[in-house]
Amino acid sequence: MLSVEDLKRYVKASDKDEEFVRSCLDAATDMISSHIGTASVPEEVRDQAILQTAANLFLRRTGRRDVTGFTTPDAMPLAQRPALDPLTPARPLLKPYLGVGIA
């Protein structure tokens with residue numbers, strides 16, 4: 001089971017971001033649980049999927065900085081924007097455990 005401290009270390013968040021980190025972790029846990037449904041996924045893979053999704057949600061906040069310009073030193077743009085779909089980094093991790101989707 002992932003903790004807020006695990007996510008804070010992963011995204012290099014400060015203590016002042018703890019409330020936002022917690023909300024990202026809670027949202028990611030709900031999204032991954034919903035995506036997995038009743039499938040059997042190893043805990044390590046599930047935790048990694050939650051971590052990747054939560055990090056994506058967290059980094060969206062800093063991803064908006066690329067519209068501010070280069071005049072503010074602490075507002076430098078990210079080299080890569082977070083995925084629009086928060087589950088993008090988790091889908092390949094979970095795919096082997098979820099089976100074939102039926103349309």
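Note that the structure is predicted; figures quoted are calculated from it, not measured. Starting from 1, each residue takes its place in the sequence as its number. The figures that follow rest on heavy atoms only: side chains count, while hydrogens, waters and symmetry mates do not.
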task: Write down the atom of P86, the atom of N56, and the distance for their closest heavy-atom approach.
output: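 That closest heavy-atom pairing would be O-ND2, 3.7 Å.
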- prompt: Which atom names give the shortest non-hydrogen contact between A55 and L7, and what distance separates them?
  reply: N-CD1, 3.9 Å
- request: Begin with the C-alpha distance, continue with both residues' side-chain angles, and end with the deciding distance and a verdict on side-chain contact (heavy atoms from CB on, under 4.5 Å) for L2 and L51.
  value: CA-CA 8 Å; L2 290 171; L51 185 66; 3.9 Å; yes
When rounded to the nearest 0.5 angstrom, what distance separates [atom1] in [X] from [atom2] in [Y]?
X   : Y   : atom1 : atom2 : value
F20 : L57 : CZ    : CG    : 7.5 Å
F58 : K12 : CZ    : NZ    : 11.0 Å
I50 : E43 : CD1   : CD    : 9.0 Å

Chi angles and distances behind the side-chain contact (heavy atoms from CB on, under 4.5 Å) call for V45, Y97: CA-CA 9 Å; V45 175; Y97 306 98; 3.7 Å; yes
- request: Check step by step if side-chain contact (heavy atoms from CB on, under 4.5 Å) holds for L94 and I32.
  value: CA-CA 9 Å; L94 298 172; I32 293 298; 4.0 Å; yes
- prompt: Side-chain contact, heavy-atom cut-off 4.5 Å: C24 with R60?
  reply: no
Whether D6 side chain and S3 backbone form a donor-acceptor pair below 3.5 Å: yes
query: Listed by chain and number, what are the side-chain hydrogen bond (donor to acceptor under 3.5 Å, both in side chains) partners of Q48, not counting sequence neighbours?
result: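 Residues passing side-chain hydrogen bond (donor to acceptor under 3.5 Å, both in side chains) with Q48: Q52.
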query: Can you list every pair that meets side-chain hydrogen bond (donor to acceptor under 3.5 Å, both in side chains) and has a residue in residues 19-42, with sequence neighbours left out?
result: E18-R22, S33-R46
